[in-house]
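Below is one structure; the comments refer to it alone.
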Amino acid sequence: MCGIVGYVGAKPALDVVVEGLARLEYRGYDSAGVAVLADGRLTTAKRAGKLVNLRNALEEEPPPAGTTGMGHTRWATHGPPNDRNAHPHTDCTGTVAVIHNGIIENFARLRAELEEAGHKLRSDTDTEAVAHLLEDELKRGGGLPDAMRRVCRRLEGAFTLVAVHTGDTDLVVGARRNSPLVVGLGKGENFLASDVAAFIAHTRDAIELGQDQVVELRPNGVVVTDFAGRPAEVKEYHVDWDVSAAEKGGYDYFMLKEIAEQPRAVADTLLGRIGTDGRLILDEMRMPDQELREVDKVIIVACGTANHAGLIAKYAIEHWAGLPCEVELAHEFRYRDPILNRSTLVIAISQSGETMDTLMAVRHAREQHAKVLGICNVNGSTLPRECDGVLYTHAGPEIAVASTKAFLTQLVAVYLIALYLAQVRGTKWGDEVFAMIQLLAQMPEKVDKVLETMEPVRELARSLAGERCVLFLGRHVGFPVALEGALKLKELAYMHAEGFAAGELKHGPIALIEEGLPVVVVVPPRARDVLHDKIVSNIQEIRARGARTIVIAEEGDTSVEPYADTLIAVPAVPTLLQPLVTTVPLQVFACELATAKGHDVDQPRNLAKSVTVE
Ligand code: AGP
């Protein structure tokens with residue numbers, strides 16, 4: 001989604017802003033632009049395509065050096081990605097510039113009113129209307145902050161806006177409804193951005209703006225009000241990521257780095273949550289044990305990879321906590337009239353904490369008086385503020401669009417919650433919970449062990465780069481793993497891939513099997529003998545029809561060897577924890593195959609890291 005950077009201070013604004021936009025490139029975009037205030041004049045530059053196009057334009061025609069400015073990377077929603085529709089947008093007088101992330105749902109009516117009043121709008125965007133609305137409001141007096149507040153009160157939809165005006169060259173004004181906006185607090189300088197990554201090279205002290213707030217940024221001060229102009233409570237926080245953590249660390253791609261970071265990420269997400277007595281300590285969720293004892297149903301809402309984590313959570317919650325658990329795609333959830341009440345626990349899983357589909361599902365659940373627990377990887381993002389409680393994953397910044405370490409840490413988080421529910425509800429004996437927690441604590445080294453044996457998987461991936469389709473099969477928690485493996489291949493290699501429950505094969509999908517078709521099969525531990533034997537039969541069925549079988553099974557499982565064209569062994573772990581080790585080969589497989597096809601695995605086509613519009 002769109003990236004936003006604003007700056008006011010003593011440094012050359014253009015340098016700070018363009019560097020900030022570069023750190024936000026991972027969010028996915030299709031045009032970029034900047035605005036600078038200097039000598040009382042406003043200069044803008046914007047280009048379709050990647051940031052390099054804008055940098056070239058700025059080199060060819062450098063704007064006057066100013067210390068107040070802003071920049072934007074746009075992911076097109078209204079109007080094609082071209083120079084004309086790129087942000088910033090200006091008013092008729094060329095003295096106001098505005099950038100925007102989100103969707104203004106009533107822009108068509110506003111645009112009609114503006115054109116009726118004689119304004120000349122030049123782009124197809126919803127954003128440009130805001131520049132002209134600000135122009136009119138500035139004529140009414142009160143300066144840019146008041147003008148922004150009055151304009152925001154007329155807008156409907158999701159928007160983060162940042163604007164500058166030649167009438168006050170030491171001021172950047174931001175406004176926020178739904179889409180993310182954070183303030184970076186410097187010394188004699190201040191920053192605005194859609195993500196802290198844009199300014200952590202300068203400061204790691206930040207303020208997360210809340211819903212319907214306006215911020216006035218000056219070199220020596222920040223003022224935050226609501227849309228009515230009343231002072232707003234703000235909470236400062238310290239960003240615990242440093243610049244190096246957001247760099248590639250020597251890998252060719254962020255995704256490779258993030259796959260390699262998974263043992264650490266899993267360990268960090270367990271850190272501090274297992275007491276010296278072996279019991280779980282999750283006070284941070286701010287959900288009293290008695291409230292959790294009164295829960296009679298769990299509903300998980302999430303999208304994409306996070307939804308796959310939810311599907312695995314279902315098995316864990318039902319098995320350990322003895323609670324019925326539904327898993328819903330967040331964008332479907334509120335349209336099916338779900339049955340919710342005060343005894344329902346809704347768990348919202350989101351790496352970014354900004355997925356609009358998931359946020360809207362959470363708002364619906366809150367309206368129905370359900371308790372909402374968030375699982376999120378980004379401190380200060382929107383989701384935690386909209387939940388009754390949050391359990392943060394500690395994966396660190398996940399820059400690559402394809403989620404890897406965030407997924408594994410989401411699994412750890414749902415295992416912790418499921419075991420905690422068992423602990424407080426007494427649905428499992430204390431020693432059973434203790435034993436499982438001890439096994440969970442060993443998972444970082446199990447994941448590390450998998451990573452040490454991935455070279456054959458990379459060779460296999462390169463050998464399949466010319467394939468048109470790969471199928472993925474699994475049973476029990478292996479089924480969501482199959483879905484996740486298919487999603488990784490789709491989003492990285494742009495090839496058809498589909499995950500099935502292996503038991504579904506004979507109900508239709510087996511018709512897809514043909515000579516040489518690669519099929520990845522995730523085999524449950526031998527301890528699950530019934531499930532295990534059934535999936536071995538499935539492997540025989542597809543092999544008999546010519547499939548090229550790629551089998552992921554626990555080390556020492558010799559029963560699958562006769563039917564596996566390729567056998568990938570993973571450490572033996574309990575069934576419910578097996579996704580932590582069986583997912584990793586599928587991540588490596590998809591990443592290597594996409595790389596072999598020459599794709600940019602960090603920024604796959606058409607995709608954004610955080611889908612902040614519905
Ligand atoms: C997964 O690789 C994708 N990047 C996508 O499916 C992602 O998991 C989904 O959009 C949810 O994002 P979130 O976890 O930030 O809410």
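Whatever order the structure lists ligands and atoms in, that order sets their numbers, starting from 1.
When the side-chain hydrogen bond (donor to acceptor under 3.5 Å, both in side chains) test is applied to R363, the partners found at least two apart in sequence or on another chain are N178, E386. With sequence neighbours left out, the ring-ring contact (aromatic ring centres under 6.0 Å, His included) criterion links Y315 to H476. Remark: T344 pairs with N341 by the side-chain hydrogen bond (donor to acceptor under 3.5 Å, both in side chains) rule, at least two apart or across chains.
A salt bridge links E614 with R334: the distance from a Lys NZ or Arg NE/NH1/NH2 to an Asp or Glu carboxylate oxygen falls below 4.0 Å. The residues K609 and E398 are annotated as salt-bridged, a charged nitrogen and a carboxylate oxygen being separated by less than 4.0 angstrom.
Within 4.0 Å of ligand 1, counting heavy atoms only, the contacting residues are C303, G304, T305, A306, S350, Q351, S352, T355, V401, A402, S403, L487, K488, E491.
No hydrogens or angles considered: a donor-acceptor pair under 3.5 Å links the side chains of E484 and T305.
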